[in-house]
Amino acid sequence: MLQRTFSIVKPDAVRNGHTASILAEIEKAGFKIVSIKRMSLTEEQAQGFYAVHAARPFFGALTQFMASGAIFPMVLEKENAIADLRKLMGATNPANAEEGTIRKKFAESIEANAIHGSDAEDTAAFEIGYFFAGYELK
Ligand code: CDP
Ligand code: MG
């Protein structure tokens, strides 16, 4: 089933000059980039995006980090896109990420871990709608 998911090249990866390399990995893996833009988040916007984690101890640091520099939010399309992107990303903590994954190659730490990817259909729909209008998703 052709499916869409949502991803972000996070501020650490943009700062470290890894954006193009990460996009190349995504395209090599067979994803179509449906829409992408460069922007920065306010802390309030980052809090809205990560609202599901509001009660977690890392929430304040995470949302400050996500507002700390430019990001590239994007919508990706492929068969089985949600699960396949999670596989390509690797574990949240790069110390546990498998060889060849984006986080293994490019992440700095469990917080500054280079890339976001939606974890389910409902979160993908929320996250796509948080960043993109319908007319940007043709
Ligand atoms: O991004 P992923 O779905 O793999 O992980 P998550 O559990 O949904 O957590 C969201 C983000 O919070 C992670 O990608 C990390 O940037 C950050 N995080 C953190 O700073 N410290 C943790 N112990 C867990 C997550
Ligand atoms: Mg997550």
Side-chain angles (χ1 to χ4, degrees):
M1 174 196 43
L2 203 58
Q3 190 178 54
R4 286 184 176 185
T5 191
F6 175 76
S7 183
I8 300 177
V9 180
K10 291 187 176 183
D12 60 306
V14 177
R15 263 194 293 276
N16 292 332
H18 296 316
T19 304
S21 302
I22 289 172
L23 295 181
E25 297 280 339
I26 287 169
E27 285 198 312
K28 251 188 286 169
F31 292 88
K32 171 184 166 189
I33 301 173
V34 174
S35 202
I36 185 167
K37 56 190 168 189
R38 185 184 198 274
M39 65 178 295
S40 302
L41 292 174
T42 64
E43 274 189 51
E44 206 174 27
Q45 289 169 333
Q47 288 162 9
F49 176 67
Y50 274 127
V52 290
H53 293 312
R56 308 287 288 277
F58 58 79
F59 183 69
L62 170 63
T63 52
Q64 276 178 30
F65 161 66
M66 288 300 291
S68 71
I71 60 170
F72 284 85
M74 69 190 111
V75 177
L76 302 174
E77 188 174 82
K78 179 187 178 298
E79 295 284 318
N80 206 27
I82 294 172
D84 284 1
L85 180 66
R86 298 288 306 189
K87 231 177 286 167
L88 180 65
M89 286 163 50
T92 306
N93 185 347
N96 303 328
E98 277 185 52
E99 283 306 323
T101 61
I102 289 173
R103 282 170 166 166
K104 181 71 175 188
K105 288 181 183 165
F106 302 114
E108 288 183 349
S109 66
I110 189 168
E111 175 183 270
N113 60 3
I115 187 168
H116 168 82
S118 307
D119 61 7
E121 275 186 41
D122 57 339
T123 50
F126 166 77
E127 292 172 358
I128 290 169
Y130 197 79
F131 280 92
F132 291 94
Y135 67 83
E136 297 174 292
L137 298 171
K138 286 291 202 173

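Values reported hereafter were calculated over all heavy atoms of this structure, with side chains retained and with hydrogens, waters and symmetry mates removed. Remember, it's 1-based here, ligands and their atoms both numbered in the order they're listed.
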Going from OG on Ser35 to CG on Leu76, what distance comes out if it is rounded to the nearest 0.5 angstrom? 10.0 Å
Cationic tip of Lys37 within the cone over Phe132's six-membered ring, i.e. under 6.0 Å and within 45° of the normal? yes
Measure from the side-chain N and O atoms of Arg103 to the backbone N and O of Ala114, and report whether any donor-acceptor pair falls under 3.5 Å. no
Salt bridge between Asp84 and Lys87, side-chain N to carboxylate O under 4.0 Å? yes
What I'd like to find out is whether the side chain of Ile71 reaches to under 4.5 Å of the side chain of Phe131, using heavy atoms alone. yes
Contacts of Ala133 that satisfy side chain to side chain contact (heavy atoms under 4.5 Å, CB included) - sequence neighbours left out: Tyr135, Glu136
I need the contact residues for ligand 1: any residue with a non-hydrogen atom closer than 4.0 Å to the ligand, ordered by chain then number. Lys10, Tyr50, His53, Phe58, Leu62, Arg86, Thr92, Arg103, Ile110, Glu111, Asn113
